[in-house]
Protein chains: 2
Amino acid sequence: MTRSSDIEAEAFGPHDHQACRAQALAAVEAACAARRLRMTPARACVLEALLEAHRAMTAYELLDRLREAGLGSQPPVAYRALDFLVRNGFVHRIERLSAFVACTHGGSEHVAVFLICRGCRGVAEAVLPQLGAGLAASAAGQGFSVERMVIEGEGLCARCREAEAA
Amino acid sequence: MTRSSDIEAEAFGPHDHQACRAQALAAVEAACAARRLRMTPARACVLEALLEAHRAMTAYELLDRLREAGLGSQPPVAYRALDFLVRNGFVHRIERLSAFVACTHGGSEHVAVFLICRGCRGVAEAVLPQLGAGLAASAAGQGFSVERMVIEGEGLCARCREAEAA
DNA sequence: GGTCATATGTTACTTTATAACAGATCGTGC
DNA sequence: GCACGATCTGTTATAAAGTAACATATGACC
């Protein structure tokens with residue numbers, strides 16, 4: 001387990017991807033069991049594709065996977081699976097990309113910060129509890145109740161910056 | 001001039017809208033003069049519609065205004081005007097809504113925080129310099145260079161929360 | 001007044017997302 | 001076991017958001 005109080009860009013560096021995938025999958029399975037959620041074939045297919053890719057994928061890219069797996073070929077199939085996964089905190093929607101990425105922080109509710117590389121489309125997720133809380137409190141002081149927070153930084157990861165310079 | 005180190009939800013409360021509009025317009029005009037930018041009829045129409053509405057509007061809503069004004073009826077007309085206004089910091093894109101809102105902080109580059117009311121679609125903008133800088137620095141520590149930062153809180157303003165409770 | 005950069009007009013198209021409704025399946029209580 | 005309500009799936013159709021490409025026009029500057 002890495003520190004989560006600072007931004008980690010592991011997604012952009014070498015890491016034990018097999019392990020991070022297995023761990024995320026186990027966390028989701030445990031959450032489904034605990035909360036009586038149904039991890040159906042279509043939902044599992046979408047989640048696995050995202051864990052495998054470790055980058056943001058669009059609904060239509062995911063629909064291709066579903067089609068290949070014989071699990072449906074129309075947009076609502078993908079959007080419904082994504083809706084379930086996002087609602088339950090297993091996947092995050094990246095607004096900036098109109099795309100989706102698997103959550104690497106275990107599925108409970110949390111405010112996440114995303115670093116999005118415009119080169120490789122990789123996405124690093126960090127959880128900065130004090131940040132979300134501070135913003136929500138500041139907004140509440142004005143009578144505004146924040147229900148959802150989107151924090152996304154777009155730029156270049158170290159590798160892509162080198163590649164672009166070359 | 002209000003404090004900009006904390007979130008202001010003026011957009012959701014009573015304020016001198018006429019003055020805030022005029023002030024924003026003057027700032028944009030000054031910036032155009034200083035930077036040799038061309039404020040053409042289509043661009044002005046879009047900006048004025050946004051200043052007038054004081055809420056997020058989609059590209060197609062703005063295109064309707066352009067059409068009414070006889071300034072074009074095809075999507076690229078609206079998108080080009082918006083591209084100019086966003087590039088120059090006069091308008092912000094609200095990712096969460098795929099929509100646009102006039103900037104209330106004078107057009108220079110800045111990291112803005114938006115509070116988006118899902119009831120009335122009103123948008124309050126705040127500038128929290130230390131926040132953007134902190135995030136960028138944290139990311140830079142990981143070799144990631146942030147070029148653009150998106151911070152959006154979605155929820156309910158005081159008025160809409162009351163209306164919903166009723 | 002030529003010319004280069006910028007802005008406009010238009011056609012056609014891609015990508016992203018949802019509404020609506022019929023049918024299948026699951027879990028629960030009897 | 002089976003009726004039931006809730007949830008999930010399959011499908012058609014369409015809405016909404018955004019862009020590529022190319023021709024034409026306008027402005028700024030020498």
Side-chain angles (χ1 to χ4, degrees), chain A residues 32-47 49-50 56-88 90-101 116 118 121 150 152 154, chain B residues 28 31-47 49-50 56-88 90-101 116 118 121 150 152 154:
Chain A
C32 285
R35 293 193 253 152
R36 305 278 156 84
L37 300 173
R38 284 157 68 180
M39 183 51 62
T40 65
R43 292 166 179 181
C45 173
V46 167
L47 178 62
L50 286 171
M57 296 178 73
T58 68
Y60 284 75
E61 283 182 288
L62 292 164
L63 181 55
D64 287 342
R65 299 306 188 89
L66 287 165
R67 190 179 291 121
E68 284 162 20
L71 293 168
S73 61
Q74 299 306 317
V77 176
Y79 281 101
R80 284 196 284 235
L82 285 165
D83 181 60
F84 169 86
L85 294 166
V86 170
R87 248 191 359 254
N88 292 290
F90 304 142
V91 162
H92 297 287
R93 180 185 158 88
I94 306 295
E95 300 294 338
R96 179 65 189 142
L97 301 177
S98 296
F100 301 84
V101 71
I116 306 162
R118 65 172 165 76
R121 275 207 145 191
V150 173
E152 299 174 356
E154 189 183 14
Chain B
V28 169
C32 285
R35 295 193 251 151
R36 307 278 155 83
L37 300 173
R38 286 157 67 180
M39 184 51 62
T40 64
R43 293 166 178 179
C45 172
V46 167
L47 178 63
L50 286 171
M57 295 178 75
T58 68
Y60 284 75
E61 283 182 287
L62 292 163
L63 181 55
D64 286 342
R65 300 303 189 90
L66 287 165
R67 190 179 291 121
E68 283 161 22
L71 292 169
S73 61
Q74 299 305 318
V77 176
Y79 281 102
R80 283 197 284 236
L82 285 166
D83 180 62
F84 169 87
L85 294 167
V86 170
R87 247 189 4 250
N88 292 292
F90 305 140
V91 162
H92 296 287
R93 180 187 157 89
I94 306 296
E95 300 293 339
R96 178 68 189 141
L97 301 177
S98 296
F100 302 84
V101 71
I116 307 161
R118 67 173 164 75
R121 273 206 147 195
V150 173
E152 299 173 358
E154 190 183 14

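Numbers restart at 1 for each chain; the letters A, B, ... are given by sequence-line order, proteins then strands. The basis for the numbers below is simple: all heavy atoms, side chains too, and nothing from hydrogens, waters or symmetry mates.
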key: Backbone of B/V150 reached by a side-chain donor or acceptor of B/E95 within 3.5 Å   = no
query = Could you state the CG-P distance from B/L71 to C/dT10, rounded to the nearest angstrom?
reply = 12 Å
request  = Mark yes or no for whether A/R65, through its side chain, and A/C45, through its backbone, hold a donor-acceptor pair below 3.5 Å.
outcome  = no
query = Looking across every strand, which nucleic acid part, if any, lies under 4.0 Å from A/L66 by heavy atom: base, sugar-phosphate, or nothing?
reply = nothing
ask   = How close or far is atom P of D/dA17 from atom CD of B/E61, stated in whole angstroms?
value = 8 Å
query = Hey, which of these two, A/R87 or B/P75, hits DNA chain D nearer its 5' end, going by closest nucleotide?
reply = A/R87
task = Using only side-chain N and O atoms of B/R67, determine if any of them is under 4.0 Å from OP1 or OP2 of C/dG9.
result = no
task = Whole angstrom is fine here: how far is it from CG in A/D64 over to P in C/dT14?
result = 15 Å
remark   = When rounded to whole Å, the CD1 to P distance for the pair A/I94 and C/dT16 reads 14 Å
task = Starting from P on C/dT16, measure out to OH on B/Y79 and report it in whole angstrom.
result = 13 Å
ask   = Nearest to the side chain of B/P76, which nucleotide is it out of C/dT16, C/dA7, D/dT19?
value = D/dT19
message = Both A/R38 and B/A59 contact DNA chain D. Which one's nearest nucleotide lies toward the 5' end?
response = A/R38
ask   = For C/dT8, does OP1 or OP2 lie under 4.0 Å from any side-chain N or O of B/T40?
value = yes
inquiry  = If you define the side chain from C-beta out and look only at heavy atoms, does anything of B/Y60 sit under 4.5 Å from B/Y79?
reply    = yes
query = Within this structure, what is the CZ-to-P distance between B/R43 and C/dT6, rounded to whole angstrom?
reply = 11 Å
ask   = How is B/L63 classified with respect to the nucleic acid when contacts are heavy atoms under 4.0 Å: base, sugar-phosphate, or nothing?
value = nothing
message = Counting distance alone, no hydrogens or angles: does the base of D/dA17 have a donor or acceptor under 3.5 Å from a partner atom on the side chain of B/Y60?
response = yes
B/L62 CG to D/dG18 C1', straight-line distance once rounded to whole Å = 14 Å
Test item: A/L71 and A/V77 side chains (from C-beta on) under 4.5 Å apart, heavy atoms = no
inquiry  = Check whether B/E154 reaches the backbone of B/R96 with its side chain - one donor and one acceptor, N or O, closer than 3.5 Å.
reply    = no
key: Residue-phosphate contact under 4.0 Å: A/R36 side-chain N/O, D/dA6 OP1/OP2   = no
message = I need the CZ-P distance between B/R80 and D/dA25, as an integer number of Å.
response = 15 Å
message = Assuming nearest nucleotide by heavy-atom distance, tell me which of B/G72 and A/T58 is located more 5' along DNA chain C.
response = B/G72
